[in-house]
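Below is one structure, written out as structure tokens, with a few remarks after it.
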Amino acid sequence: MVEVSFDVTKVFEWIDKVRRFFKPFKPEIRSLVINYKDHTSTMNMALHIPDSIRRRFNDIEVPIYPDFSIGELLDETFHRVKARWRVDDGKWKMRASDLPASENFLITLIGKVPSDILSRIVRIQPASNRDQTEELDSYWLDCMIKDVTILEKIWDDLCVEDVSVGVNVGIDRCFSTTIPKELKDQATATQRWLRAGRGSDRAEIWRSWRNLRRAEVRMSKSLINSLMSTIYKLTTGEMFTGFVKVDLPYSIGEIRRDEGGIEIFPSRMIVEATTELNFKNPAAHGYLRFKKKDYIETIRKLIAELFK
């Protein structure tokens, strides 16, 4: 793959510059596909290069910019052209005579798109908890392409894939209302000891250790280990995905436990709702719903099995 570049702070100037280089070949930017999650982009540009043009220009030239590369070059029959690019005078060059007997070509440019550029193109509203019932917690999802009218003047088509809206789904009360008191006491003692271990108060470390030992006397170590294993199972993405759903045009993406602290009972799960935006559908709205009641019943069922 041939390296080409792009001024990451002036994305629109870069496009105009590339267009000027290809001006003799009547360039038409057909589409730009951006992967929001991976910060990558693919731009397709149509070129018209008849024999009369080839006789006038010895080389096809593309300016070298950091963070971009030349992908495929296709002829009008959509066959891949085995292009032989070389570096010369700060440009990638290919002999026009090496092109097959076609007049129309499609060149693909692939590259990175930094966060500041993405934020100029897409607006993501932080998800908010709009509604709570006994059965469901609902989170409003809202994202859109900014300034569609302006962008349509630059590209015939723009697609932004894997636009992710992160949702912090609160689960702390799901555990606090279902875990028996003796298990909570053990968890509290364990949490206190872990916190003390991160500090420098030797007296607190000793007190928290004694408190933990007393709690362990009241409960078997095997039961404590089983509790920790159950909590881990309940907060895996594989398990939790069964308790969340989203409205179209969203789909469920990555799900993970919030590892921000050392809480025995996790306070929240981080769920990504993903969608695709384009000129036809520049905005995406909908709800992510957490089936809270079903999750609580599952916790009760698994905890009850520990005491059988």
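In what follows, residues are counted from 1 in the order of the sequence shown.
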- Return each pair, listed once, that meets side chain to side chain donor-acceptor pair (under 3.5 Å) where at least one residue sits in residues 162-172; pairs must be two or more places apart or across chains.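 Found N35-D162.
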- Query: Where do Y139 and F290 land on the ring pair (Phe, Tyr, Trp, His ring centres under 6.0 Å) test, with the steps shown first?
  - Reply: CA-CA 8 Å; Y139 297 83; F290 168 44; 7.8 Å; no
- How does the hydrophobic cluster around M144 look, that is, which other residues are in it when side-chain heavy atoms under 4.5 Å mark a link?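 ILVMFWY cluster around M144 holds nothing else.
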- Under the salt bridge (charged side-chain N to carboxylate O under 4.0 Å, His left out) rule, collect the residues that match up with E297, sequence neighbours excluded.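 Once residues adjacent in sequence are excluded, the partners of E297 under the salt bridge (charged side-chain N to carboxylate O under 4.0 Å, His left out) criterion are R300.
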- Task: Go through the structure and list residues passing salt bridge (charged side-chain N to carboxylate O under 4.0 Å, His left out) with R268, not counting sequence neighbours.
- Result: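 Checked R268 against salt bridge (charged side-chain N to carboxylate O under 4.0 Å, His left out); matches are D258.
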Shortest non-hydrogen separation from [X] to [Y] and the atoms involved:
X    : Y    : answer
F25  : I60  : CZ-CD1, 3.5 Å
I110 : G71  : CD1-CA, 4.0 Å
I34  : S41  : CG1-CB, 4.1 Å
K146 : R120 : CD-O, 3.5 Å

- Message: Set out, in order, the CA-CA distance, both residues' side-chain angles and the distance that settles side chain to side chain contact (heavy atoms under 4.5 Å, CB included) for F240 and V169, then state yes or no.
- Response: CA-CA 11 Å; F240 200 74; V169 179; 4.0 Å; yes
Show the atom names and distances, to 0.1 Å, of all donor-acceptor pairs under 3.5 Å that link a side chain in residues 281-288 to residues at least two apart or in another chain.
residue : atom : partner : partner atom : Å
H285    : ND1  : D142    : OD1          : 3.0

- Message: Quick test of your reading: applying salt bridge (charged side-chain N to carboxylate O under 4.0 Å, His left out), list the pairs with at least one residue in residues 275-289, sequence neighbours left out, ordered by first then second residue.
- Response: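 Every salt bridge (charged side-chain N to carboxylate O under 4.0 Å, His left out) pair that includes a residue of residues 275-289, provided the two are not neighbours, is D247-R289.
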- Do M94 and L73 pass the side chain to side chain contact (heavy atoms under 4.5 Å, CB included) test, and can you show the C-alpha distance, the side-chain angles, and the key distance before you say yes or no? CA-CA 12 Å; M94 182 186 65; L73 179 63; 3.9 Å; yes
- Is any side-chain heavy atom of E161 closer than 4.5 Å to a side-chain heavy atom of T42?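 E161 vs T42: side chains apart.
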